[in-house]
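Order of the sequence lines fixes the chain letters, A, B, ..., with proteins taken first and strands second; residue numbering starts at 1 for each chain.
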Number of protein chains: 2
Amino acid sequence: MQMRHGLDKYYTITELTREFGVSTRTLRFYEDEGLIHPERRGRTRFFRSTDRHLIKEILRGRRIGFSIAEIREIIQIYKEPPGEAGQLRLMMKRLEDKRTELIQKRRDIEETLEEMSNVEEACLTRLAEIGVGT
Amino acid sequence: MQMRHGLDKYYTITELTREFGVSTRTLRFYEDEGLIHPERRGRTRFFRSTDRHLIKEILRGRRIGFSIAEIREIIQIYKEPPGEAGQLRLMMKRLEDKRTELIQKRRDIEETLEEMSNVEEACLTRLAEIGVGT
DNA sequence: GTGCGCATTGACTTTTACGTAAATGTCGCT
DNA sequence: AGCGACATTTACGTAAAAGTCAATGCGCAC
């Protein structure tokens with residue numbers, strides 16, 4: 001009995017680099033790091049939609065400021081959630097820590113966005129002043 | 001005529017490292033990078049409250065993911081907003097870009113927080129299952 | 001089959017943001 | 001004057017995340 005998933009689209013490496021605005025080096029790097037596992041035909045990589053999805057998540061993690069190690073860990077959790085109670089509890093504690101960190105980060109962003117609005121307004125005012133004299 | 005600000009508190013480097021949970025190396029590094037300018041008595045640094053405030057902002061920028069160069073630039077803007085119209089317009093464009101980036105980042109964080117909630121819930125369910133058998 | 005262009009690989013390099021170690025200075029106390 | 005506790009300076013180290021470069025391979029259009 002064979003799994004059949006022939007209808008999944010294949011993506012080439014350059015397609016994905018274009019879609020996500022990253023270099024081929026980056027995607028190969030992620031593969032080296034064990035984050036994605038594109039198939040091969042000869043030496044050429046063929047990416048499944050699952051890889052594409054993973055890449056999306058990796059990039060999101062990157063934007064948030066997660067390290068490769070952290071991202072790998074997260075992916076691992078999705079692939080095989082820990083079964084043992086101690087492991088589970090440990091994981092939940094770390095989740096809690098991460099959550100705190102992210103909430104702080106969100107607050108930081110919000111404060112910064114507000115300040116940026118102020119600066120922008122000041123700029124507009126200043127521009128208007130100058131503009132009058134022009 | 002002399003400016004008098006004798007009542008400002010001085011902070012030692014270790015006070016600040018303790019308050020902010022960073023190393024002395026980090027604060028000296030920020031000074032080397034021209035982000036802060038503590039005074040000196042002999043070779044010893046004495047930090048004013050303005051430095052302390054700056055450090056707070058620097059660390060916030062760091063948490064958000066700004067590079068030292070970006071942080072320096074932001075500080076610069078606060079110190080002397082550009083006077084010329086072209087400069088102003090350029091700055092506003094870059095502000096706009098940054099804003100977009102930050103908003104994306106905030107969305108990333110929110111998505112991640114949601115997913116974390118899901119994972120956490122799954123963990124709890126799993127724990128309950130195991131717990132029953134224990 | 002030859003040339004073209006994209007792919008791949010491996011090795012080396014770079015940048016950022018500090019860490020770390022060693023040697024030396026400084027200050028208050030006794 | 002000497003001690004201990006911090007501070008400073010200089011210089012080298014390092015980890016993460018790619019960038020860059022050179023050599024080579026593969027497929028296919030002509």
What string of B, S and - do you get for nucleotides 9-21 of chain D, 5' to 3', when a contact is any protein heavy atom under 4.0 Å? B-------BBBB-
Measure CZ/A:Arg41 against C1'/C:dT8 and give the value in whole Å, please. 17 Å
Who pairs with B:Arg99 by salt bridge (charged side-chain N to carboxylate O under 4.0 Å, His left out), at least two apart in sequence or on another chain? A:Glu120, B:Glu96
Can you check whether A:Glu33's main-chain N or O pairs, donor with acceptor, with A:Arg72's side chain at less than 3.5 Å? yes
Please report the distance, rounded to the nearest Å, between CD1 in B:Ile13 and P in C:dG25. 19 Å
Salt-bridge present (A:Arg40, A:Glu31; N to O < 4.0 Å): yes
Using whole Å, what does the distance between atom C1' of nucleotide D:dT8 and atom CG of B:Leu27 come to? 14 Å
Residues A:Ile36, A:Phe47; criterion side-chain contact (heavy atoms from CB on, under 4.5 Å); working and verdict: CA-CA 9 Å; A:Ile36 51 182; A:Phe47 294 78; 3.9 Å; yes
Separation of C:dA7 P from A:Tyr11 OH (nearest whole Å): 16 Å
Between B:Glu115 and A:Arg60, is there a side-chain N and carboxylate O pair less than 4.0 Å apart? yes
Check ion pair A:Lys93-A:Asp97 (N to O, under 4.0 angstrom): yes
